[in-house]
Number of protein chains: 2
Amino acid sequence: MPRASTTSDAFNAVAEPRRRDILNYLAASEKPVGEIVVALGIEQPSVSKHLKVLRDVGLVSSRREGKQMFYRTNGEALRPLHEWTKTFEHFWSHQLARVKVRAEAKMKQN
Amino acid sequence: MPRASTTSDAFNAVAEPRRRDILNYLAASEKPVGEIVVALGIEQPSVSKHLKVLRDVGLVSSRREGKQMFYRTNGEALRPLHEWTKTFEHFWSHQLARVKVRAEAKMKQN
DNA sequence: ACATCATATTCTCATATCGGAATATGTGTC
DNA sequence: GACACATATTCCGATATGAGAATATGATGT
């Protein structure tokens, strides 16, 4: 069995750095493909292919306006990722407290 | 150019569902490989291979105790994922998002 | 040294991938 | 219709993958 398809879910789709770049770029406002191409410096066919993947998993939506296709990030599709990583939040938010405590303990020694 | 290696970063490593299962399982407390095998019903070689990937990206750490190898989740390595998804949080949590969604729903009625 | 238990590695295979190049589709204008 | 513009699709090649099976390594006890 090979690796799961990039279009199988949001986890697989955002594993690709370029696709995260695109999502970041489209988060502020919708943009036509051509602007993504120049802004991120990616070849046009690659951008179209990445957008297709993102669209398949619901991470972007599109709208046609004349010759142009406007894409926008649909951040809601990232919610499962956020929720899942959130369950590990205590690993670092608690740590801050622990480091603090350890630092204070060291201070007392001196 | 093929897909980036699963060991290139945490994003790629957790794209595999089994590896997320393992991270979930090891989050509570460290466990030997054998227990992961029975708990998740995955073949032992697969578990070892997944653990190697997770270890390569710092998502788990290991400790030997006699014949057994204990693994534990290192949640800190998921922080980049959490931080990144957090930048999209307003898509679902912000009141504006809710208003938008409701407005779009109303549009669809017509 | 040997046997046993626990884990890791190696091998094969079918498959999905990404980038690049070329081409196709779709839209508006003359 | 012919043309230009914007975007999408197809074909190619190199490569990493995950599962399964077989085997290797490592640790302990006798």
Side-chain angles (χ1 to χ4, degrees), chain A residues 1-23 25-26 29-73, chain B residues 1-23 25-26 29-73:
Chain A
M1 198 182 286
R3 215 202 291 211
S5 169
T6 56
T7 59
S8 53
D9 57 30
F11 282 94
N12 281 278
V14 304
E16 178 68 19
R18 306 257 186 212
R19 284 196 285 267
R20 292 201 298 279
D21 293 341
I22 292 175
L23 289 176
Y25 183 63
L26 295 178
S29 65
E30 65 172 9
K31 299 282 185 191
V33 177
E35 284 200 31
I36 306 174
V37 170
V38 301
L40 304 184
I42 311 174
E43 297 293 326
Q44 178 269 315
S46 283
V47 171
S48 279
K49 280 183 255 180
H50 284 315
L51 286 171
K52 181 178 167 55
V53 172
L54 293 172
R55 220 170 154 294
D56 282 353
V57 297
L59 275 163
V60 299
S61 58
S62 58
R63 176 178 72 86
R64 180 173 279 286
E65 187 178 312
K67 301 191 246 186
Q68 301 185 321
M69 278 289 260
F70 284 79
Y71 284 83
R72 85 182 59 188
T73 295
Chain B
M1 198 179 286
R3 214 202 293 213
S5 169
T6 57
T7 59
S8 51
D9 57 29
F11 282 93
N12 280 279
V14 305
E16 176 68 20
R18 306 262 187 207
R19 284 197 282 267
R20 292 200 299 278
D21 292 342
I22 292 175
L23 288 176
Y25 184 63
L26 295 177
S29 65
E30 63 172 9
K31 299 282 186 191
V33 177
E35 283 199 32
I36 306 173
V37 169
V38 301
L40 303 184
I42 310 173
E43 297 293 324
Q44 177 268 315
S46 283
V47 171
S48 279
K49 280 181 258 181
H50 284 315
L51 287 170
K52 180 177 167 58
V53 172
L54 293 171
R55 219 170 156 293
D56 283 352
V57 297
L59 275 163
V60 299
S61 58
S62 58
R63 176 178 71 83
R64 182 172 276 287
E65 186 178 310
K67 302 189 246 185
Q68 301 185 324
M69 278 290 259
F70 284 79
Y71 284 83
R72 86 182 58 187
T73 295

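Residue numbers start from 1 in every chain, and the chains themselves are labelled A, B, ... in the order their sequence lines are given, proteins ahead of strands. Computed from a predicted model, the values in this text were never measured in an experiment.
For A:Tyr71 and D:dA8, the shortest distance from a side-chain N or O to OP1 or OP2 is below 4.0 Å.
Relative to the six-membered ring of B:Phe11, A:Arg20 meets both conditions, a distance below 6.0 Å and an angle of at most 45° to the axis.
Nearest-nucleotide mapping onto DNA chain C: of A:Pro2 and A:Arg64, the residue sitting toward the 5' end is A:Pro2. Ranked by how close their nearest DNA chain C nucleotide is to the 5' end, B:Phe70 and A:Ala4 are led by B:Phe70. When the nearest nucleotides of DNA chain D are assigned to B:Ser5 and B:Met1 by heavy-atom distance, the more 5′-ward of the two goes with B:Met1.
None of B:Leu54, B:Leu51, B:Asn12 except one satisfies the side-chain contact (heavy atoms from CB on, under 4.5 Å) rule with B:Arg19; the exception is B:Leu54.
We find that CD of A:Glu65 is positioned 11 Å from P of D:dT7, with the value rounded to whole Å. We find that CG of A:Asp56 is positioned 13 Å from C1' of D:dA8, with the value rounded to whole Å. Rounded to a whole Å, the CZ atom of A:Arg3 is 13 Å from the P atom of C:dA16. Distance B:Gln68 CD to C:dT7 C1': 10 Å, rounded to the nearest Å. When the P atom of D:dT15 is taken as reference, atom CG of B:Asn12 falls 18 Å away, rounded to whole Å. Atom CE of A:Met69 is separated from atom C1' of D:dC5 by 15 Å (rounded to the nearest Å). If you measure from atom CZ of A:Phe11 to atom C1' of C:dT17, you get 20 Å, rounded to the nearest angstrom.
Of the possible polar contacts, one joining the A:Thr73 side chain to the A:Leu23 backbone as a donor-acceptor pair under 3.5 Å is found.
Heavy-atom distances under 4.0 Å link DNA chain C to A:Glu43, A:Pro45, A:Ser46, A:Lys49, A:His50 of residues 34-53 of chain A, given in residue order.
The shortest side-chain heavy-atom distance between A:Leu26 and A:Ile36 falls under the 4.5 Å cut-off. Under the 4.5 Å side-chain criterion, counting only non-hydrogen atoms from C-beta, B:Ser29 is in contact with B:Lys31.
Residue-level contact check: B:Arg55 touches neither bases nor backbone, having no heavy atom under 4.0 Å from any strand.
Side chains of A:Ser62 and A:Arg55: a donor on one and an acceptor on the other come within 3.5 Å. No side-chain donor from either of A:His50 and A:Arg18 sits under 3.5 Å from a side-chain acceptor of the other.
Distance from the side chain of B:Arg18 is smallest for D:dA19 among the nucleotides D:dG18, D:dA19, C:dT7.
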